[in-house]
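The structure under discussion appears below in the form of structure tokens.
Just so you know, ligand 1 is whichever comes first in the structure, and atom 1 is the first atom listed for that ligand.
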Amino acid sequence: MPGQKLSYPGRNYLFCPGPTHIPQAVQNAMIVPQEDHRAPDFPELVKPLLRDVKKIFKTTKGTCFLFPATGTAGWEIALANTMSPGDKILTTRFGQFSHLWYELACRIGLEVDLVETPWGEGVPVDKFKKILQADKKHEIKAVVCCHNETATGVTSDIAAVGKMLKQIKHPALLMVDCVSSVASIDFRMDQWGVDVAVSGSQKGFMLPAGMAILAFSPRALAKRKTAKCARCFLDIQDHLNTNKDGFFPYTPSVPMLRGLRAAIDLILQEGLENTFTRHHRLAEGVRLAVKAWGLKTCAKSAKWHSDTVTAILVPENKNANEVIHIAYHKYNISLGAGLSKVAGKVFRIGHLGDNNEARMMAALGTVEMALLDAGIKIKPGSGVAAAGEYYRKTGKKIKKFAAPKAPAKKKAPAKKKATKRKATIK
Ligand SMILES: *Cc1c(COP(=O)(O)O)cnc(C)c1O
């Protein structure tokens, strides 16, 4: 097809941090005939799904919502259902995604107190604390944070933000973008005191894009009664009215729901904690490779390192887009580009979702070729060696290989008989 990337032989491997590869079981689950979303047994799919998605957010008290939309709509759903025009919120910008949420808040009529943070760092909890402590009248209605800034490969300490809010007894809602963290990096909605968690389908949930996945705390849910921001398609009330019986207020994408069912089953089968450990290991290998290449991550210190995506700075006289261009056209893998402020300065390796050591080694080996082709002087094989060493040492324990024993030799037939027979033949 015109414009379609030929991916034969092999396939176009996705190492952009989203969309991610769809596991075969999820893909198979999505190949279904069109289904009647008002069928009497439809709730048998929907009700357990809405219940089980809560496990992924680690919430028992929260209410989950599935919207036929993307993460961007998720931000709007969070704000429009809890805020009124002119309400003040506090946020910080340290990458393209935290920037976009800030911009969306401004565009829907909120007043935004924006703290600028260097790109490569995370949520400045102390600065937030000072601002919130000075807000004696509690005019700040929400604190908005991006848990995992996908543009820079930075993970913030959301537990610390929740703890701080509790400590200073500020009633602002805590809203968190966990699009590229939930299901891959530990996220604890209830324990951390998160009021609205926003995610999407095409990252850790390993689905195509097209579903916004959210969780509201009881406190956030109650705000819909007083929130005056305009909303219709994105109104959670319509979902509450129909979800309670296992239906949706409009036509949902049923294949996506089937896919989500399969994805959640895979994640719960592996075990959430095991999923996090796997992501951490794969990420560590990538970081060791980056170090061995003599390059630096955009994340400015280890405490900000993201286990779902690594943004890698190229030397100042080089353009990261050339690496991405070569990787795509010559070797057929997709890397993440630098966005906005870091365009041309970084390329990103996504390591979330359906990945294992073998896939990461393929990514790292190919990135090495692209780096060398782009004239970036790294030692060939150095990254692959460093990651491989780490993966080997930390890999899963398997049963020792036991070579099958050679079958015992058959006893030679009794000599007497043989000679007799020979004699007869003669
Ligand atoms: C991918 C992503 C989003 C959502 O983007 P959509 O394209 O609207 O799905 C939001 N925030 C972060 C941190 C992301 O990585």
Side-chain angles (χ1 to χ4, degrees), residues 14-22 56-57 65-80 91-105 107-108 117 119-123 144-158 161 174-187 189 194 196-215 233-234 253 256 259-260 263 279 283 298-299 304-311 334-343 346-353 355:
L14 294 173
F15 290 106
C16 45
T20 64
H21 285 287
I22 303 172
I56 310 293
F57 286 97
F65 296 97
L66 308 173
F67 276 76
T70 74
T72 302
W75 293 331
E76 193 162 343
I77 293 162
L79 293 170
T91 192
T92 178
R93 171 164 60 191
F94 43 71
Q96 181 66 359
F97 293 95
S98 42
H99 161 69
L100 288 173
W101 200 1
Y102 154 72
E103 198 185 68
L104 184 145
R107 282 167 66 177
I108 67 168
T117 299
W119 290 36
E121 294 178 18
V123 175
V144 160
C145 302
C146 185
H147 184 202
N148 189 74
E149 177 49 84
T150 320
T152 57
V154 161
T155 304
S156 287
D157 188 352
I158 300 301
V161 181
L174 175 55
M175 298 192 185
V176 180
D177 170 337
C178 53
V179 179
S180 61
S181 62
V182 79
S184 313
I185 297 173
D186 197 10
F187 180 82
M189 174 146 180
V194 175
V196 188
V198 178
S199 191
S201 50
Q202 77 274 27
K203 311 266 168 87
F205 283 104
M206 307 176 287
L207 289 161
M211 189 189 276
I213 306 169
L214 294 101
F233 181 72
L234 302 181
S253 164
M256 285 291 282
L260 181 62
H279 278 79
C298 183
W304 305 123
H305 279 157
S306 162
D307 284 342
T308 56
V309 53
T310 299
S334 286
L335 299 171
L339 304 170
S340 157
K341 236 182 176 175
V342 288
V346 309
F347 69 93
R348 295 174 295 150
I349 302 177
H351 30 79
L352 74 165
N355 279 314

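- Once rounded to the nearest 0.5 Å, the distance linking CD1 of I158 with CG of L174 reads 6.5 Å.
- When non-hydrogen atoms are compared, ligand 1 lies under 4.0 Å from the side chain of W75 (C-beta onward) but not from its backbone.
- Within the 4.5 Å cutoff, the side chain of S306 has heavy atoms near those of the I185 side chain.
- In terms of protein heavy-atom proximity, atom 11 (N) of ligand 1 is closest to D177 OD2, 2.6 Å.
- The only option from W304, F97, F187, W101 that meets the ring-ring contact (aromatic ring centres under 6.0 Å, His included) definition with H147 turns out to be F187.
- Set against the non-hydrogen atoms of N148, the atoms of ligand 1 under 4.0 Å away are 13 (C).
- A donor-acceptor pair is defined here as one N or O able to donate and one able to accept, closer than 3.5 Å; such a pair exists between the side chain of E149 and the backbone of S98.
- Ligand 1 has at least one atom lying under 4.0 Å from a heavy atom of Q202.
- Between F233 and F67, the ring planes are perpendicular. Angles over 60° get that label, and only those under 30° would be called parallel.
- Taking a cut-off of under 4.0 Å to the non-hydrogen atoms of K203, the atoms of ligand 1 that pass are 1 (C), 2 (C), 3 (C), 14 (C), 15 (O).
- Counting the atoms of ligand 1 from 1 in the order shown, those under 4.0 Å from a heavy atom of G71 are 4 (C), 6 (P), 8 (O), 9 (O).
- When the options T70, T150, L100, T72 are ranked by their closest heavy atom to atom 13 (C) of ligand 1, first place goes to T150.
- Ring orientation note: the planes of F205 and F57 are tilted relative to one another, at an angle of 30° to 60°.
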